[in-house]
Amino acid sequence: MKNKIGRQIPDSLLKAGYRPFAGTEIKETIKQRTAPKVAVSKGENKLVRSIPDLVKKLVKNGATISFHHHLREGDQIFNQVMQAIIDLGIKDLTLAPSSLTNVMNDMVIKAIKTGAVANITSSGMRGSLGDAVSHGILKNPVIFRSHGGRARAIEEGDIKIDVAFLAVPNSDVLGNANGSFGQAAFGSLGYALMDAKYADKLVLLTDNIVDYPNTPASIDQTQVDYVVKADRVGDPEKISSGATRFTKDPKELKIAQLVNQVIINSPYFKNGFSFQTGSGGAALAVSRYLRRSMIEKNIKASFALGGITKPTVDMLNEGLVKKVMDVQDFDKGAADSMKNSPYQQEIDASWYADPDNKGAMVDRLDLAVLSALEIDKDFNVNVMTGSDGVIRGAIGGHQDAANAKLTIICAPLVRGRIATVVDQLTTIVTPGDSVDVLVTEYGIAINPKRKDLIKSLSAVPGLPIFPIAEFVKKAQSITGKAQALKFKDRIVALIEYRDGTLIDTVREVDDEE
């Protein structure tokens, strides 16, 4: 059958219990949360020194194991644990990290080939791993969930973590730890906090054992089973990556300027507004222009949300933003700020964006500025697959933040010779009903359902507003009409909406001529 946005959902998935995407509205229902098993401890020393010995003791065939991705390309724990799993001959694991970064790719491919990993659920994957999965290396489909969707799945038992391996920059011998102090400090532990709360077994790995009791504690001793003394957990200088670069590209800066014009001329730009800016050059550059406008118009924000960057904490320190609600830190400047400011609040992924709790922060967002790999004429967004159909991205918090009162997608009209604004998407991740405005370097398109925005923004002199169909035509005039991609029948990935319904599937790429 077809779901609400017209994507075909195979009967086999419906029979397996998947529900088709039925809309962005989250209905008020009663949900039952799960709870972890607890191995009762009397508070003895939990310190161990051998990763392989601990893996042998805790990880069994068929188990679900998890990691966080706060260290991104600087992570030096994931590969050690996975190598121990492979060496011990453990099979058929479900790998359930908050996300997978490039530094993990080779090890995951190795683990799949040896049979150590049979299933993966994550918010995304890139590079060689995305390419390998797109070409059918994994026997079962990957399940991609947003950060809020992952939190919901953990809390409701759709993801049941047997053992969580969490890298932390400090811990005492009983497992009191935070992300703000130590050589490998990376700031907020927002995604890891879900694993800490719900995993049956929790292992902390740190290169910095400190005196007991260690405070402030984001993860506390009541949750932790073992603490491993590692040589080094990671390099915080590699937290920033290509996806979180600060752009100097004239095209991206022009897009950012136009986004700022949309924001300041919208009804939401007023004292007490809230905002989130996503990753990507143009989206991150928006914060610079927004800062100037806030100073000029004497406007102050109530809070900034999501992945936090140094420009955001600079606005906090200048008094332009009253509070920063921090689920992850995109750079070292933001991470360093966590330990100094009482107004930078660490939040877990449930507080951030779980649609099935008693109130998520994303539900209070006025503005969200997000990037995209592709967007179609119906304002649906793809942040998962490239123009070749290969997995090369992550849902992240895209679906979650897109439910703001004003959701702006910023993207160039074309990348190289590849159209970004297209007639139809290969993969839909974020539904068009939650997207309000598209901004390209050529101008702005407003979702026709937002007649209020069309009226208010059309009154702004010089603002280049066009129907989105005009952008599709212009992109095609530059790149030519895209050739139809070839796919095999086999499904290699499932795209869940944040409420657990199935929004789309990804099929195996067919490279045969």
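Since the model is a prediction, treat every value here as computed from it, not as a measurement.
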Engineer: Report the residues that fulfil salt bridge (charged side-chain N to carboxylate O under 4.0 Å, His left out) with D400, sequence neighbours left out, ordered by chain and then residue number.
Structural biologist: R498
Engineer: What residues form a ring-ring contact (aromatic ring centres under 6.0 Å, His included) with F273, not counting sequence neighbours?
Structural biologist: F269, F275
Engineer: Under the side-chain hydrogen bond (donor to acceptor under 3.5 Å, both in side chains) rule, collect the residues that match up with N382, sequence neighbours excluded.
Structural biologist: E374, T385
Engineer: Checking D158 now: which residues fulfil salt bridge (charged side-chain N to carboxylate O under 4.0 Å, His left out) with it, not counting sequence neighbours?
Structural biologist: R152
Engineer: Using a 3.5 Å distance criterion without hydrogens, assess whether the side chain of N380 forms a donor-acceptor pair with backbone atoms of G432.
Structural biologist: yes
Engineer: Working note: R33 + E155, criterion salt bridge (Lys or Arg N to Asp or Glu O under 4.0 Å); need CA distance, chi angles, decisive distance, verdict.
Structural biologist: CA-CA 5 Å; R33 291 187 175 179; E155 289 176 329; 3.4 Å; yes
Engineer: Going by the ring-ring contact (aromatic ring centres under 6.0 Å, His included) test, which pairs reach into residues 141-168, not counting sequence neighbours?
Structural biologist: F67-F165, H69-H147, H147-Y191
Engineer: Under the side-chain hydrogen bond (donor to acceptor under 3.5 Å, both in side chains) rule, collect the residues that match up with K270, sequence neighbours excluded.
Structural biologist: none
Engineer: Run the salt-bridge test on D249 and K251 with the 4.0 Å N-O cut-off and return the result as yes or no.
Structural biologist: no
Engineer: Test of understanding: with side chain to side chain contact (heavy atoms under 4.5 Å, CB included), list the residues that count as partners of D326, not counting sequence neighbours.
Structural biologist: S188, I308, V324, D329, M338, Q344
Engineer: Decide, yes or no, whether a salt bridge links R7 with D504 under the criterion of side-chain N to carboxylate O below 4.0 Å.
Structural biologist: yes
Engineer: Can you list the residues that meet the salt bridge (charged side-chain N to carboxylate O under 4.0 Å, His left out) rule with K160, with sequence neighbours excluded?
Structural biologist: D200
Engineer: Would you please name every residue forming a ring-ring contact (aromatic ring centres under 6.0 Å, His included) with F186, sequence neighbours left out?
Structural biologist: H68, H70
Engineer: What pairs with S171 under side-chain hydrogen bond (donor to acceptor under 3.5 Å, both in side chains), at least two apart in sequence or on another chain?
Structural biologist: none
Engineer: Taking salt bridge (charged side-chain N to carboxylate O under 4.0 Å, His left out) as the definition, give me every residue that meets it alongside R145, ordered by chain and number, with sequence neighbours left out.
Structural biologist: E496
Engineer: Give the intermediate values and the outcome of salt bridge (Lys or Arg N to Asp or Glu O under 4.0 Å) for residues K310 and D331.
Structural biologist: CA-CA 7 Å; K310 188 176 184 298; D331 56 37; over 6 Å; no
Engineer: Do R126 and D131 meet the salt-bridge criterion of a basic N to acidic O distance under 4.0 Å?
Structural biologist: no
Engineer: Excluding sequence neighbours, so at least two apart, what forms side chain to side chain contact (heavy atoms under 4.5 Å, CB included) with A445?
Structural biologist: F379, L438, I468, F471
Engineer: Salt bridge between K197 and D348, side-chain N to carboxylate O under 4.0 Å?
Structural biologist: yes
